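A note on names: the letters A, B, ... follow the listed sequences, proteins ahead of strands, and every chain is numbered from 1. Small disclaimer: the values here were computed from a predicted structure and weren't measured. The basis for the numbers below is simple: all heavy atoms, side chains too, and nothing from hydrogens, waters or symmetry mates.
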2 protein chains.
Amino acid sequence: MEQRTTTLTDPDSARGKLLQAAAELFRTKGYDRTTVRDIANAVGILSGSIFHHFKTKDDILGAVMEESVNSLLVRMESALATIDTPVARLRAMIRCELESIQGENGHALAVLVYEWRSLSPENQQKLLHIREAYEQLWLTEFTGATEHLKPGIEPFVLRRFLSGSLYWTTYWYKESGALTISDLTEMALKLILK
Amino acid sequence: MEQRTTTLTDPDSARGKLLQAAAELFRTKGYDRTTVRDIANAVGILSGSIFHHFKTKDDILGAVMEESVNSLLVRMESALATIDTPVARLRAMIRCELESIQGENGHALAVLVYEWRSLSPENQQKLLHIREAYEQLWLTEFTGATEHLKPGIEPFVLRRFLSGSLYWTTYWYKESGALTISDLTEMALKLILK
DNA sequence: AACCATACCAAGCAAGCGCTTGGTGTGCAA
DNA sequence: TTGCACACCAAGCGCTTGCTTGGTATGGTT
C-alpha cells in the first residue's frame, strides 16, 4: 500500500470549523440548498469572509469530501494493521465504513457518497483516484476471502450490494435505537458470508 | 389489498411529456440544478407555460414521484397475481423494483428515492402513506418467507439492506453491459436467501 | 357565426444566489 | 514603534431563479 502523506485539517482552525459546519449542512439540506450564507452563519462570520479560506463553494465541497475519504482510509488502515484472518478483516472494514457514515463526523462521508454529482468535474477528477484506491482495497480483501463469501455472486457485484446496504443506513438508522453499530456490522457481515 | 383508483397520466399529453422530461432531468442533474427553463426547453415550450400545468416546481417533483410509485405498485401487483411460492414471489418483486429503477422510465423511481428530501414537507406528507403501503407489502412478503430467508438478520433490517443494494444500482449498473437484469435479480435473491 | 376552454407566448419582476472589492481591527515580529 | 500578515466586515454587483401577468392562436361545441 502506498505511503500516505495525508494532512487532516485541524478541527479547531477557522478552516476546520467551516468544513465541519459545511459537512453537516450539506448532509442535512443538500449541497444546492445550502447557501454560503448558511455556512458562514453556522460559524458566526459573514458570507463574504468565507472566500478568504476557500476559492469557491465548490472547493468547500471538494475539501469536505477529501477530508472524509482521507480520514476513512487512515482509520481503516490502522484497524487492519493488527488483524489477520480474512473474515475478521472484513468485519473491521464494514465497521469502519459504518462508523464513518454514522459517527459524529459521519456527515462528511455521507456527503461524499450522495453529493458526488454536485461536485464540479475538475474536482471530481482530483478525488477519483483516491476513491478508486479505496474500492481496490475492498476488492483485494474480497478476493482474499473468496472461500468464505456467498457463492454465486460475482465479487464486484457483492461489494456493490454491500456498499448500497451500508450507505443506505444514512436514511433509516438512528444510533439511539435498540440496534447498535456492532449489531449492524454483524448483520452486514452475515449478508455477504456463506 | 386495497382497491387502487390509480390514474396514470397519459404519456402523450402535455402534462405527461413534461413529467417524463422532468423525471429524466431530475435524475441526471438533480432537482435543484434543474431549472424550470430546462424542463420547458426539453418539451419545446417557454418556461412560463409550465405553470399552466403545474402550480409550482415542487408540484412537478411531487407528481413525478407519485406517478412512479403508482406505476410500480400496479406492475408489482399484476406480477404477483399469478405467483404462489414465497421465493418466486420475492424474485418477482426484486425484478419489478430493478426494472422500475433501471427501465426506460426508471428515471422516476430513482428520483423518488434520491430526491425525497428536496420535496416540500407538505408534498412529502401526501406521498408518505403510499410509500408506507409499499414497504408494508415487502415486510408481509418477508415474514411469509421467513424459513427461506437468511437467519440472524431481522426482517426489517434485511429489507433495508436489500433496498440499499437495489437502489444503489443506479450509480453503477448499465444495462448495456454483460450483466442482465435477470442476473442481477438472481444475485440479489441469493443475497437474502439462506 | 359566436363562444369558450385549452395551451401557449412575450416580457419581466422580485428575491436569492455566489462572489468581489476596499477597508478595518488584531497580534506578532523586528 | 513600525510593519505586516491574517481574519474578518460592510456593501453591493451581476446573474439566475421560480413565478406572474396580460395577451394570442387554435380547435371543438352550439
Side-chain angles (χ1 to χ4, degrees), chain A residues 7 9-65 111 115-124 126, chain B residues 7 9-65 111 115-124 126:
Chain A
T7 39
T9 303
D10 172 18
D12 287 333
S13 69
R15 179 189 159 96
K17 281 189 281 191
L18 277 172
L19 284 180
Q20 195 178 345
E24 177 154 4
L25 285 165
F26 289 164
R27 179 185 186 175
T28 52
K29 304 180 57 172
Y31 175 76
D32 289 295
R33 300 158 91 85
T34 301
T35 69
V36 292
R37 287 168 176 82
D38 290 334
I39 304 173
N41 201 51
V43 301
I45 62 176
L46 290 187
S47 67
S49 308
I50 285 192
F51 298 91
H52 183 69
H53 301 278
F54 298 94
K55 236 174 57 190
T56 62
K57 186 190 173 190
D58 186 74
D59 276 351
I60 304 179
L61 180 59
V64 166
M65 290 181 172
V111 169
E115 296 288 352
W116 179 253
R117 71 175 169 194
S118 301
L119 193 65
S120 68
E122 304 85 59
N123 275 333
Q124 281 188 14
K126 284 176 59 180
Chain B
T7 39
T9 302
D10 173 17
D12 287 332
S13 69
R15 179 189 159 96
K17 282 189 280 190
L18 277 172
L19 284 181
Q20 194 178 345
E24 177 154 3
L25 285 165
F26 289 164
R27 180 188 186 174
T28 52
K29 304 179 57 172
Y31 174 76
D32 289 295
R33 301 160 89 86
T34 301
T35 69
V36 292
R37 287 167 178 82
D38 290 334
I39 304 173
N41 200 52
V43 302
I45 61 175
L46 289 188
S47 67
S49 308
I50 286 192
F51 298 92
H52 184 69
H53 302 277
F54 299 94
K55 236 174 57 190
T56 62
K57 185 190 173 190
D58 187 75
D59 276 350
I60 303 178
L61 181 60
V64 166
M65 290 182 172
V111 169
E115 296 288 351
W116 180 253
R117 73 174 168 193
S118 301
L119 194 65
S120 68
E122 303 85 60
N123 276 333
Q124 281 188 15
K126 284 176 59 181

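- One interatomic measurement links the two molecules: CG of B:Leu61 to P of D:dC19, which rounds to 12 Å at whole-angstrom precision.
- What you find for A:Ala21 and A:Ala42 is that their closest heavy atoms are CB-CB, 3.9 Å.
- Note that CD of B:Glu24 and CD1 of B:Ile39 are 12.0 Å apart. Values are rounded to the nearest 0.5 Å.
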Verify salt bridge (charged side-chain N to carboxylate O under 4.0 Å, His left out) between B:Arg117 and A:Glu115, making sure each step is shown before the conclusion.
CA-CA 13 Å; B:Arg117 73 174 168 193; A:Glu115 296 288 352; 2.5 Å; yes
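- With a 6.0 Å radius and a threshold of 12 heavy atoms from other residues, nucleotides or ligands, B:Lys126 has its NZ atom at or below the threshold.
- Checking side-chain atoms of B:Asp38 against main-chain N and O of B:Thr35 turns up a donor-acceptor pair under 3.5 Å.
- Whole-Å rounding puts the B:Leu25 CG to D:dT17 P distance at 13 Å.
- At whole-Å resolution of the value, CD1 in A:Ile45 and P in D:dC8 are 5 Å apart.
- In this structure, the CG atom of A:Asn41 is 14 Å from the P atom of D:dC8, given to the nearest Å.
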Walk along nucleotides 11-29 of chain C from 5' to 3' and tag each nucleotide B, S or - by protein heavy-atom contact under 4.0 Å, base first, then sugar-phosphate.
-B----BBBB---------
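- Taken from CG in B:Leu119 to CG in B:Asp59, the straight-line distance is 9.0 Å, to the nearest 0.5 Å.
- The side chain of B:His52 places an N or O atom within less than 4.0 Å of a non-bridging phosphate oxygen (OP1 or OP2) of C:dA7.
- As rounded to whole Å, 14 Å separates atom C1' of D:dA25 from atom CG of B:Leu46.
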